[in-house]
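Remember, it's a predicted structure, so these values are computed and weren't measured experimentally.
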Amino acid sequence: QGQLVESGGGSVQAGGSLSLSCAADGLTGINYCMAWFRQTPGKEREGVAAIHVDGRTSYADSEKGRFTITISKDNAKNTLYLQMNNLKPEDTATYYCAASKNVWCLERRSTYFDSWGQGTQVTVSS
């Protein structure tokens, strides 16, 4: 299934920014989407943003009104990015990179995703 390795997490104060990266290596087959999920203890994994192989993107409803998260990818580098601005304490979570072979992957359901990274922690303090 290949390997996904996230980087770029860390601690930041509210209102700050972070950029996450995910290096993909050895993914096989057609992966229709790459996506970022996040999870906090005791809660389900939430699909924050996804990007389709054709360039379409989708974002969680909780993020749309904020316009502070942008997903992008560099196909030449096999790297996925998530730029997060104006972070809030509720954005604190472990962020995971994932890849999907499901054509409906823009719905960002975790069950549609086949490959996962190990996660990177993002902590936003008030």
* Asked: Should V48 and V12 be regarded as members of a common hydrophobic cluster, given that ILVMFWY residues are connected when their side-chain heavy atoms come within less than 4.5 Å of each other, either directly or indirectly?
  -> yes
* With V53, which residues qualify under side-chain contact (heavy atoms from CB on, under 4.5 Å), at least two apart? -> Y32, K73
* Return the set of residues passing side-chain contact (heavy atoms from CB on, under 4.5 Å) with S17 (not counting sequence neighbours), or none when no residue passes. => Q83, N85
Who passes side-chain hydrogen bond (donor to acceptor under 3.5 Å, both in side chains) against [X], sequence neighbours left out?
X   : answer
D54 : H52, R56
Y95 : R38
Q13 : none

Side chain to side chain, [X] and [Y], heavy atoms closer than 4.5 Å:
X   : Y   : answer
K88 : T68 : no
V5  : D25 : no
Y59 : T70 : yes

* To do: For F113, check ring pair (Phe, Tyr, Trp, His ring centres under 6.0 Å) against everything at least two apart and list the hits.
  => F37
* **Minimum heavy-atom distance between G10 and L18, given as atom pair plus value** => O-CD1, 3.9 Å
* To do: Locate the shortest heavy-atom distance separating A49 from L82; write the atom from each residue and the value.
  => CB-CD1, 4.2 Å
* **W36 six-ring face occupied by R108 cation (under 6.0 Å, within 45°)** => no
* **Qualifying disulfide bond (SG atoms under 2.5 Å apart) pairs with a residue from residues 84-126, counting only residues at least two apart or across chains** => C22-C97, C33-C105
* **D74: partners by salt bridge (Lys or Arg N to Asp or Glu O under 4.0 Å), with sequence neighbours left out** => none
* Asked: What is the distance from atom CD1 of I51 to atom CG of L106, rounded to the nearest 0.5 Å?
  -> 9.0 Å
Please list, one pair per line, the donor and acceptor atoms closer than 3.5 Å that link side chains of residues 119-126 to other protein atoms, with sequence neighbours excluded.
unit_1, atom_1, unit_2, atom_2, d
T120, OG1, G9, N, 3.3
Q121, OE1, T94, OG1, 2.9
Q121, NE2, A93, O, 3.4
Q121, NE2, T123, OG1, 3.4

